[in-house]
K.L.:
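Pasting a structure below so you can have a look.
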Amino acid sequence: EEKLYESDLDGFIREAVEKGNYALAIRLYYLAVIKELSLSKVIKWKRDKTNRDYLREMASSALHQPFKEATRAFEHIWYGEHALQKEEYDRLKPRFADLVNQAKAIIPTTPSNQENG
């Protein structure tokens, strides 16, 4: 988390899956979502922010609802001491991967590409 922007999260996800640590893989996917949302300027990443802080920042984003659902799933798995099995991981993985890809596709809004009005 300290070096979120420099981390090879895909490699860490593959390693977690190979070791059967599906809860960690979901946590890493969630961090990948946060990383891409931050790079796309939808949120501002800070290590001490909560998931609720990010949800508030995304209130007007088209990705708010999918991110909310991903947050709920992640928190249930990571903090709920839920032993995630491979079948459930296989069901959740596409949702997280799609959200990462959707966040990557967002064109960051900067003053130079906003309309003057």
Side-chain angles (χ1 to χ4, degrees):
E1 288 180 26
E2 300 260 336
K3 298 180 180 182
L4 182 64
Y5 295 114
E6 298 94 38
S7 296
D8 173 22
L9 293 174
D10 290 336
F12 290 134
I13 291 168
R14 279 191 302 277
E15 185 178 330
V17 170
E18 287 170 8
K19 292 180 178 179
N21 193 342
Y22 303 112
L24 178 58
I26 290 295
R27 176 175 172 74
L28 292 166
Y29 263 116
Y30 191 73
L31 288 173
V33 170
I34 289 173
K35 174 183 176 179
E36 294 305 329
L37 289 171
S38 179
L39 289 171
S40 298
K41 309 265 189 254
V42 176
I43 61 172
K44 291 183 181 179
W45 179 79
K46 281 183 68 178
R47 192 173 192 283
D48 61 346
K49 280 189 175 179
T50 67
N51 297 338
R52 300 291 169 253
D53 291 332
Y54 295 127
L55 282 167
R56 277 190 293 277
E57 282 184 59
M58 292 186 60
S60 63
S61 169
L63 295 182
H64 180 263
Q65 190 60 36
F67 182 71
K68 183 178 180 180
E69 292 168 8
T71 299
R72 188 175 299 134
F74 160 69
E75 289 178 347
H76 174 72
I77 291 161
W78 191 252
Y79 299 113
E81 299 177 19
H82 177 71
L84 188 64
Q85 301 301 314
K86 183 179 185 327
E87 296 76 26
E88 189 174 4
Y89 170 77
D90 288 342
R91 185 179 57 77
L92 289 169
K93 175 188 171 185
R95 291 170 48 193
F96 280 86
D98 287 348
L99 190 52
V100 169
N101 290 331
Q102 289 174 9
K104 282 181 179 179
I106 294 171
I107 299 170
T109 304
T110 61
S112 62
N113 65 6
Q114 288 179 342
E115 288 186 37
N116 294 328

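All values below were derived from every heavy atom in this structure, side-chain atoms included, with hydrogens, water molecules and symmetry-related copies excluded. None of these values were measured; they are calculated from a predicted model.
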K.L.:
Does a salt bridge link E15 with K19, judged by any charged N lying under 4.0 Å from a carboxylate O?
P.N.:
yes

K.L.:
Side chains of Q65 and E69, heavy atoms from C-beta outward: is any pair under 4.5 Å?
P.N.:
yes

K.L.:
For M58 and L37, work out which heavy atoms get closest and say how close.
P.N.:
SD-CD1, 3.6 Å

K.L.:
Is any side-chain heavy atom of L63 closer than 4.5 Å to a side-chain heavy atom of V33?
P.N.:
no

K.L.:
Locate the shortest heavy-atom distance separating A103 from E36; write the atom from each residue and the value.
P.N.:
CB-CB, 3.6 Å

K.L.:
If you compare all heavy atoms of Y29 against all heavy atoms of V100, which two are closest, and at what distance to 0.1 Å?
P.N.:
O-CG2, 4.1 Å

K.L.:
For the atom pair CG (L92) and CD1 (I77), what is the distance rounded to the nearest 0.5 Å?
P.N.:
5.0 Å

K.L.:
Would you mind reporting whether K49 and K44 have side-chain heavy atoms less than 4.5 Å apart?
P.N.:
yes

K.L.:
How about Y22 and E88: do any of their side-chain heavy atoms sit closer than 4.5 Å?
P.N.:
no

K.L.:
Which heavy atom of E57 sits nearest to which heavy atom of I43, and what is that distance?
P.N.:
OE1-CA, 3.1 Å

K.L.:
Say you draw a straight line from CZ of R72 to CG of N51; how long is it, rounded to the nearest 0.5 Å?
P.N.:
12.5 Å

K.L.:
Establish, yes or no, whether a centroid distance under 6.0 Å links the rings of F67 and Y30.
P.N.:
yes

K.L.:
Looking at every heavy atom in both A16 and A25, which two are closest together, and how far apart are they?
P.N.:
CB-N, 3.9 Å

K.L.:
Locate the shortest heavy-atom distance separating T71 from R52; write the atom from each residue and the value.
P.N.:
CG2-NH1, 3.6 Å

K.L.:
With a 4.5 Å heavy-atom cut-off, do W78 and I26 have their side chains touching?
P.N.:
no

K.L.:
For the pair D90 and K93, find out whether any cationic side-chain nitrogen is under 4.0 Å from an anionic carboxylate oxygen.
P.N.:
no

